[in-house]
K.L.:
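Below is the structure I would like to discuss, written out as structure tokens.
For this chain, numbers begin at 1 and follow the sequence in order. None of these values were measured; they are calculated from a predicted model.
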Amino acid sequence: MTTVSTPASTTDPAVPVGHGLSVAVLCLGGLIAALTQTFVIPLQGELPVLLSTSAANASWVITATLLAGAVAMPIAGSLGDLFGKQRVLFVSALILLVGSLVAALSDSLLPMLAGRTLQGVSMGFIPVAISLIRDIVPPARTGTAIAAVSATLGVGGAIGLPLSAWIADSYDFHALFWVSTVLAAVTALAVAVVIPHVQPARRGRLDLVGALGLAVGLVAVLVAVTKGREWGWDTARPWTFIAVGLVVLLAWGRYELSHPAPLCDLRVTARRPVLLTNLAAVAIGFGMMGQAIIVPQLLQLPELTGYGLGQSLLAAGLWMAPGGLVMMAFAPVSSTLMTRYGARVTLALGAAVLGSGYLVAVAFHGAPWQLLVVSCVTSAGVGIGYAAMPALIMASVPVTESGAAVGVNSLMRSVGTTTASAVMASVLAASLTDFHGFPVPSEGAMELGFLIGAGAAFLGVVLTLLIPRRTVA
């Protein structure tokens, strides 16, 4: 059986009064973990040559990272509750270090996949960092700290594209991973020196069967979602993966409900505030990823298409990079909104801003500066919403389950972004126009993608407003 111990509060002598540096380190770690997720995107077209493999095999270099991150987040959250969040943060940073080093030394597919998978596992750093804030930051500053760490998920992705494009253009592609190796080493050292160790909220053993079941079920479903278009939705292969994944997840859920110390307490997850927040996370995660797929394509398509803007990969990344800064800038705004109106209203407002950005994009996408405005508006909405989600979750779960609950919420965001990638790719591929013998997505397909993104964001508004007021901070 799991025994519960009282978590350290901000008055615990083990927790330093000066919490600002700790929050800065948590932001740094989250930023670097998120940054590495987008590092290889500029190399997608060159990976088959660089790794001496086929294009289909090379695509796993990106897919493996996304899958590993999705699985790692809820498991890392549960580990933080059991063994101490500082320890899990340190191990996550070390995993990022090892993964980056393996990738930096790789010239073939298998070691690169191993390195990129380890980099994906390091994404467990972010939900654990968010859940730790409640233990080490005074209540008056918790909202701002949560908002800042949550924003790193989007900021890292936003600045990762232009940074990696510049490094890849200027140096050998291995330089990307040497840079992440150094950054991971700095993060691990900072976590070891700065982040305080708070006694675990509960005691017990990791539910290994639960962790394995969750991993198998999630991977099967997410592989089908990410590879479905490539395999063909009219074939049995993706549907077989989905069916197997769902069966495993149903069996996993039954096992977790009967386990005395489950990986995830599904009874807590099924509470209406938690469930609705997680469903909203899927919708908002979908909305966030949609524009990240469409806007770069609009920026990079040739001007002769009549709607493309003819920007280079580096230039497209630079046009989108301010969105990441806007996301971080809205962290204190989100905190103020949560203090004044509550996390529920703040999350709904963030989703509404995100959806409004998409509606602007439908009408105004004829110049790079217009897409810059769209990126900034949608990023502001994501920044507000991503900060409010963990606050809603932690206000609705016991302290003993905070890490696992935030991890599940992060997983739901990942499910949203992964689904968006598949849906947007299918939408763009369904309406192609010929450009000098090369098929490119039509302008109508781009606009339809924006409308779908808006619909997902406004669905997030509806789901959030259904959360009971009395149960949230």
K.L.:
Look only at the side chain of Thr277 and the backbone of Met389, and say whether a donor-acceptor pair between them is shorter than 3.5 Å.
P.N.:
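A pair under 3.5 Å: no.
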K.L.:
With no hydrogens and no angle check, just 3.5 Å: does a side-chain donor-acceptor pair link Gln119 and Ser100?
P.N.:
yes
K.L.:
About how many Å separate CZ of Phe125 and CD1 of Ile130, when rounded to the nearest 0.5 Å?
P.N.:
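Rounded to the nearest 0.5 Å, the CD1-CZ separation comes out at 10.5 Å.
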K.L.:
Under the side-chain contact (heavy atoms from CB on, under 4.5 Å) rule, collect the residues that match up with Ser426, sequence neighbours excluded.
P.N.:
Arg229, Trp233
K.L.:
Can you check whether Gly287's main-chain N or O pairs, donor with acceptor, with Gln291's side chain at less than 3.5 Å?
P.N.:
no
K.L.:
Roughly how far, to the nearest 0.5 Å, is the OH atom of Tyr358 from the OG1 atom of Thr378?
P.N.:
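Between atom OG1 of Thr378 and atom OH of Tyr358 there are 6.5 Å.
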K.L.:
Counting N and O atoms only, with roles assigned by atom type, does the side chain of Arg87 sit under 3.5 Å from a partner on the main chain of Gly80, one being a donor and the other an acceptor?
P.N.:
no
K.L.:
Output the distance between atom CG (Leu94) and atom OG1 (Thr187), rounded to the nearest 0.5 Å.
P.N.:
10.5 Å
K.L.:
Can you check whether Gly210's main-chain N or O pairs, donor with acceptor, with Trp252's side chain at less than 3.5 Å?
P.N.:
yes
K.L.:
Going by heavy atoms in the side chains, are Arg413 and Thr417 under 4.5 Å from each other?
P.N.:
no
K.L.:
Any side-chain to backbone donor/acceptor pair from Ser180 onto Phe177? Under 3.5 Å, distance only.
P.N.:
yes
K.L.:
With rounding to the nearest 0.5 angstrom, report the OG to CG distance, Ser414 to Asn409.
P.N.:
11.5 Å
K.L.:
Using side-chain heavy atoms (C-beta onward) and a distance below 4.5 Å, is Leu132 in contact with Leu26?
P.N.:
yes
K.L.:
Is the closest side-chain heavy-atom distance between Val373 and Val377 below 4.5 Å?
P.N.:
yes
K.L.:
Between Gln311 (side chain only) and Leu309 (backbone N and O only), is there a donor and an acceptor less than 3.5 Å apart?
P.N.:
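Indeed, once roles are kept as given, a pair shorter than 3.5 Å links the two residues.
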K.L.:
Do Ser78 side-chain atoms and Leu263 backbone N/O form a donor-acceptor pair below 3.5 Å?
P.N.:
yes
K.L.:
Using the side-chain contact (heavy atoms from CB on, under 4.5 Å) rule, pick out the option among Thr418, Val223, Thr117 that qualifies with Leu67.
P.N.:
Val223
K.L.:
Tell me, do Gln297 and Leu428 make a side-chain contact under 4.5 Å, heavy atoms counted?
P.N.:
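A side-chain contact under 4.5 Å exists here.
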K.L.:
Partners of Leu51 by side-chain contact (heavy atoms from CB on, under 4.5 Å), sequence neighbours excluded?
P.N.:
Leu47, Thr53, Val61, Leu109, Met112
K.L.:
Keeping the roles fixed (side chain from Ser334, backbone from Ile384), state whether a donor-acceptor pair exists under 3.5 Å.
P.N.:
yes
K.L.:
For Ile95, which of Val91, Val98, Leu97 qualifies under side-chain contact (heavy atoms from CB on, under 4.5 Å)?
P.N.:
Val91
K.L.:
Under a 3.5 Å distance rule, please check whether Thr226 uses its side chain to pair with a backbone N or O of Leu222 as donor and acceptor.
P.N.:
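Yes.
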K.L.:
Sub-3.5 Å donor-acceptor pair from the side chain of His259 to the main-chain atoms of Asp207, do we have one?
P.N.:
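Absent.
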K.L.:
Determine, step by step, whether Val406 and Met394 satisfy the side chain to side chain contact (heavy atoms under 4.5 Å, CB included) criterion, reporting the C-alpha distance in whole Å, the side-chain angles of both residues, the deciding distance to 0.1 Å, and the verdict.
P.N.:
CA-CA 7 Å; Val406 173; Met394 289 193 286; 3.8 Å; yes
K.L.:
Quick one: does Gln37's side chain get under 4.5 Å of Ile62's, heavy atoms only?
P.N.:
no
